[in-house]
Amino acid sequence: MSVIEIKKNVFSVGAVDWNIRDFHGYSTSLGTTYNSYLIKDEKIALFDTVKRDFKDDLLYHIGQIVDPEKIDYIIVNHVEMDHSGSLPELINIIKPEKLFCSKNGHRALLEHFHQDDWPYEIVKTGDTLNLGSKTVTFIETPMLHWPDSMFSYIAEDKLLISSDAFGQHVASTEKYADELDVCDLMHQAAKYYANILTVFSPNIQRLLVKVAEMGIEIDMIAPDHGVIWRDEKCGEILAAYDHWSRYQSADKVLVIYESMWKSTEKMANAIASELSKGGLEVKMLNLKVNHRSDIMTEVLDAKAMILGSSTLNNNMLPVMADFLTYFKGLRPKNKVMAAFGSYGWSGEAVKHINQAIEGINLPLAHPGVRVKNVPTEENFEECRELARAVVAAVKELE
Ligand code: FEO
């Protein structure tokens, strides 16, 4: 990656990770970036670092602007290791005068690195740091994505350095959102939101209100992953976050399933066919061939999910259990649910899926359809009844 000046004397100096394909269960099929920003003013400040393996890239990029030892301040907007993994080595080289972090960030830094002699400076929302011609205002953003997270806002540049928020896991030589295909990029931004931030949607709603109340002007949003949003793109990503964090959805139903010997798949097909007659967009997502994080991206704006699994050894199939664990952790809301599946002799899968759904506090539109071995026409009609019940429940959501 080359260094670019994103505003006068503000530089993007982070690293591109073209090869990462898994981020804690999230399929990062396009890689990612670990963005870090450098402001060269009367005082020189570095905003976040990079994953430890990319420390040399960061130092090389900083070195094109300034001798790293001349940096005065390091701002830790977020302690997670993709942004602070190289911090100990950077601190040894830079020997910063001050290390700015939130109160929760201070605690997290101590818990991660066990260094109580670093020059911590704890800041809270509204605190400012004067660099000379530019002033940094700190905004705490707890749970976006960890308790320690915060934004750094530079009023003179209308620049919001937003840490994890508004990121995308995209590795690219392009640096700005307007340089990429808008559909591809918004899909990646949605995937990032669905798989990382859905669970924090109430916090995001509160944050958007707080930022609006602060009346700050923004014409550039520089996240710690992916490309930078500038000009009208800032409004587009802010509007998308408002939409997603309100759990707003489309007339879309997902049929998510896995089948051992195709009986459950035949049921899935009957359900999908009937759903489409109800005027809903239907997506069939076989867990064998769709990654859980791609399915979560579809979940983001779906109104209903119908989960199907054959019974294996008195339980649902392992990939369905995997998906339900992942789904539960992200706590989506405002969905209608139902379950189905075939079995050979005992048939517990539907019961266990229903229990999992009830544990997530999502409503069941139907008690579920279980079929012994291969479905008959009578069984297909039960599947169609389930589909009609889901369509009716979706219409009540509207
Ligand atoms: Fe990109 Fe929460 O770290």
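Counting convention: from 1, in listed order, for ligands and their atoms alike. Note that the numbering runs from 1 along the sequence shown for the chain. Values reported hereafter were calculated over all heavy atoms of this structure, with side chains retained and with hydrogens, waters and symmetry mates removed.
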**Non-hydrogen atoms of S162 and P223 that approach each other most closely** = OG-CA, 3.3 Å
**Asked** What's within reach of atom 1 (Fe) of ligand 1, meaning protein N/O/S atoms under 2.8 Å?
**Response** D82 OD2, H83 NE2, D164 OD1, H225 NE2
**Request:** State, without any angle test, whether D148 and H106 hold a side-chain donor-acceptor pair at a distance under 3.5 Å.
**Result:** no
**Prompt:** Y193 and Y241: aromatic ring centres closer than 6.0 Å?
**Reply:** yes
**Complete:** Which of K351, H352, E348 passes side-chain hydrogen bond (donor to acceptor under 3.5 Å, both in side chains) with N315? It is H352
**Prompt:** Does any pair with a residue in residues 204-223 pass side-chain hydrogen bond (donor to acceptor under 3.5 Å, both in side chains), and if so which ones, sequence neighbours excluded?
**Reply:** K7-D219, K158-E217, Q205-D242, Q205-S245
**Prompt:** Looking at NE2 of H187 and CD of Q168, how far apart are the two atoms once the value is rounded to the nearest 0.5 Å?
**Reply:** 12.5 Å
